A.B. asks: 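Dumping the structure here so I can ask a few things about it.
This is a predicted model, so every value here is computed, not measured. Numbering of ligands and ligand atoms starts at 1, following listing order. For the single chain, residues carry numbers from 1 onward in sequence order.
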Amino acid sequence: MDLKTTNASPVLTDPAPINKSRLGIHSGLFPYSQSGPSFSSGILTTPRKKPGKLDDARSNGWLDAMKSSSPPSKKMLKDFNVEMASDDDIAYYSWMLKYPSAIKSSFEKIINHARNKKIVMFLDYDGTLSPIVDDPDRAFMSDEMRSTVRNVSTYFPTAIISGRSRDKVYELVGLAELYYAGSHGMDIMCPDRETMFADPSNRIKSTGKHGKELNLFQPAREFLPMIDEVFRTLVENTKDIKGTKVENHKFCASVHYRNVDEKSWSTIAQRVHNILKDYPRLRLTHGRKVLEVRPVINWNKGKAVEFLLDSLGLSNGEDVLPIYIGDDKTDEDAFKVLREGNRGYGILVSSVPKETKAFFSLRDTSEVKQFLKSLVRWKEQNALSMKKRSTK
Ligand SMILES: O=P(O)(O)OC[C@H]1O[C@H](O[C@H]2O[C@H](CO)[C@@H](O)[C@H](O)[C@H]2O)[C@H](O)[C@@H](O)[C@@H]1O
């Protein structure tokens, strides 16, 4: 089967980022919206945006987006042994007025709101549970983080929602008690509820590595051969560029350029761009020093959150509080769903100011761990005081 179409159309691109000024908190933030095409219902395959006049990777903003796709490491200014706040610090603290820290200023607010509600915890993996490292194969989470997540899941239903393949993220997290959504939510391992599957062809019964029966929801299943083909083409076409790494996530593919000399970034962008011209049913999104190729369907991490809440029977309750913690552009779809439906809290993990649909912020993975531990402590104290009250 020829998976390409002869009717080549230009690639849908994300908007080019606006250069952020060092102190321009409200006016010059990096645009951070990721939403794909949206329809009121169904998981429709949608056409890409109309071709613009410009038709190469440089002119349509890919390169700018690539350059600003991961925050630089922070430098502290020191002057005569007096620690001074840099412009970046001032910018960050001003930004935090709009997106307060979930552990510092706003923890009380969060738990007050969560009182008498059931928290459902959604966690992104890279940059949230494991720090960003140069080699994607070595992005391990610490044992302490793992046991923290395990503790969280004893009190709250907990799901991992990642851009990686479901198998890979399951292997990295290694906790059987969680729910997993891989490929940016396009591969969901979920509880078995017949009513969830309006289109039963998207529902797959499968047997996991340990012989356990799995219930999978895979809305982009028809794209499997196409993603496999484009993955192989991407590998073939970038193999001469030192440092490039292409990953196959089953329902999407990633081209990493973190370890590539910046001089070659435009070459990578151009080659990926050229390949995608032959696949109008695929689109490109930008992650942290990674180009991600994914199907043009009305599905994303936000949809996965809604699907999981539904399949857990927790979608309509006033007494449910979903919390989603993530660091990347793809997490914005989930933040948006929670904010717009007034359903719960998005928490952005970032050490630099970013425009976001989240409500709160955490600086890095260690603050994520601290936040999760604080929630568990709060829940334990609650349980203890309830027990004391009932034995009086
Ligand atoms: O949705 P996520 O769980 O956050 O996954 C997003 C991407 O994460 C990985 O790449 C990122 O982390 C790597 C390891 O720290 C880093 O080397 C890379 O530069 C980052 O982009 C993963 O490899 C990607 O395939 C995921 O899409």
A.B. asks: Would you check whether R288 has a nitrogen or oxygen atom less than 3.5 angstrom from a nitrogen or oxygen atom of ligand 1?
C.D. replies: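 Min N/O separation from ligand 1 is below 3.5 Å for R288.
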
A.B. asks: Which residue and atom name correspond to the protein heavy atom nearest atom 27 (O) of ligand 1, and how close is it?
C.D. replies: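 Ranked first by proximity to atom 27 (O) of ligand 1 is E292 OE1, 2.8 Å.
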
A.B. asks: Check whether any N or O atom of D124, backbone or side chain, sits under 3.5 Å from an N or O atom of ligand 1, and answer yes or no.
C.D. replies: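 By distance alone, the answer is yes.
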
A.B. asks: Can you name the atoms of ligand 1, numbered from 1 with element, that are less than 4.0 Å from a heavy atom of P131?
C.D. replies: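 By the 4.0 Å cutoff, the relevant atoms are 15 (O).
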
A.B. asks: Give me the nearest non-hydrogen protein atom to atom 19 (O) of ligand 1 as residue plus atom name, then the distance to 0.1 Å.
C.D. replies: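 The closest one turns out to be R258 NE, 2.6 Å.
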
A.B. asks: Quick one: which of E247, K329, H286 has a heavy atom closest to atom 24 (C) of ligand 1?
C.D. replies: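 Answer by nearest heavy atom: E247.
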
A.B. asks: Taking only heavy atoms of D134 into account, list the atoms of ligand 1 that are under 4.0 Å away from them.
C.D. replies: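 Those qualifying, in numeric order: 17 (O).
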
A.B. asks: I'd like to check which ligand 1 atoms, numbered from 1 as shown, lie under 4.0 Å from a non-hydrogen atom of K301.
C.D. replies: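 Selected atoms, number and element: 1 (O).
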
A.B. asks: Under 6.0 Å between ring centres, would you say that holds for F360 and Y99?
C.D. replies: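 Not under 6.0 Å, so no.
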
A.B. asks: What is the nearest protein non-hydrogen atom to atom 15 (O) of ligand 1, stated with its residue, atom name and distance?
C.D. replies: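 Result: V133 N, 2.8 Å.
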
A.B. asks: Using a 4.0 Å cut-off to any heavy atom of R164, which atoms of ligand 1 qualify?
C.D. replies: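 Under 4.0 Å from R164, ligand 1 has these atoms: 9 (C), 22 (C), 23 (O).
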
A.B. asks: Does any N or O atom in T330 lie less than 3.5 angstrom from one in ligand 1, N or O only?
C.D. replies: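 No.
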
A.B. asks: Check whether any N or O atom of G287, backbone or side chain, sits under 3.5 Å from an N or O atom of ligand 1, and answer yes or no.
C.D. replies: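 No, there is no polar N/O contact under 3.5 Å.
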
A.B. asks: Could you tell me, atom by atom, which parts of ligand 1 come under 4.0 Å of a heavy atom of Y125?
C.D. replies: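 Those of ligand 1 that fall under 4.0 Å from Y125 are 3 (O).
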
A.B. asks: For atom 10 (O) of ligand 1, which protein heavy atom lies nearest, and how many Å away is it?
C.D. replies: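 Checked against all protein heavy atoms, atom 10 (O) of ligand 1 sits closest to H256 CE1, 3.4 Å.
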
A.B. asks: Just which atoms of ligand 1 are under 4.0 Å from any heavy atom in S162?
C.D. replies: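 Close to S162: 1 (O), 2 (P), 3 (O), 5 (O).
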
A.B. asks: Under 4.0 Å between a side-chain nitrogen and a carboxylate oxygen: does that hold for E247 and K168?
C.D. replies: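 Looking at E247 and K168, the cut-off is not met.
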
A.B. asks: How far is atom 7 (C) of ligand 1 from its nearest protein heavy atom, and which residue and atom name does that atom have?
C.D. replies: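 So the nearest neighbour among protein heavy atoms is D126 OD2, 4.1 Å.
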
A.B. asks: Salt bridge or not between D327 and R288? Use side-chain N to carboxylate O under 4.0 Å.
C.D. replies: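 Result for this pair is yes, salt bridge flagged.
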
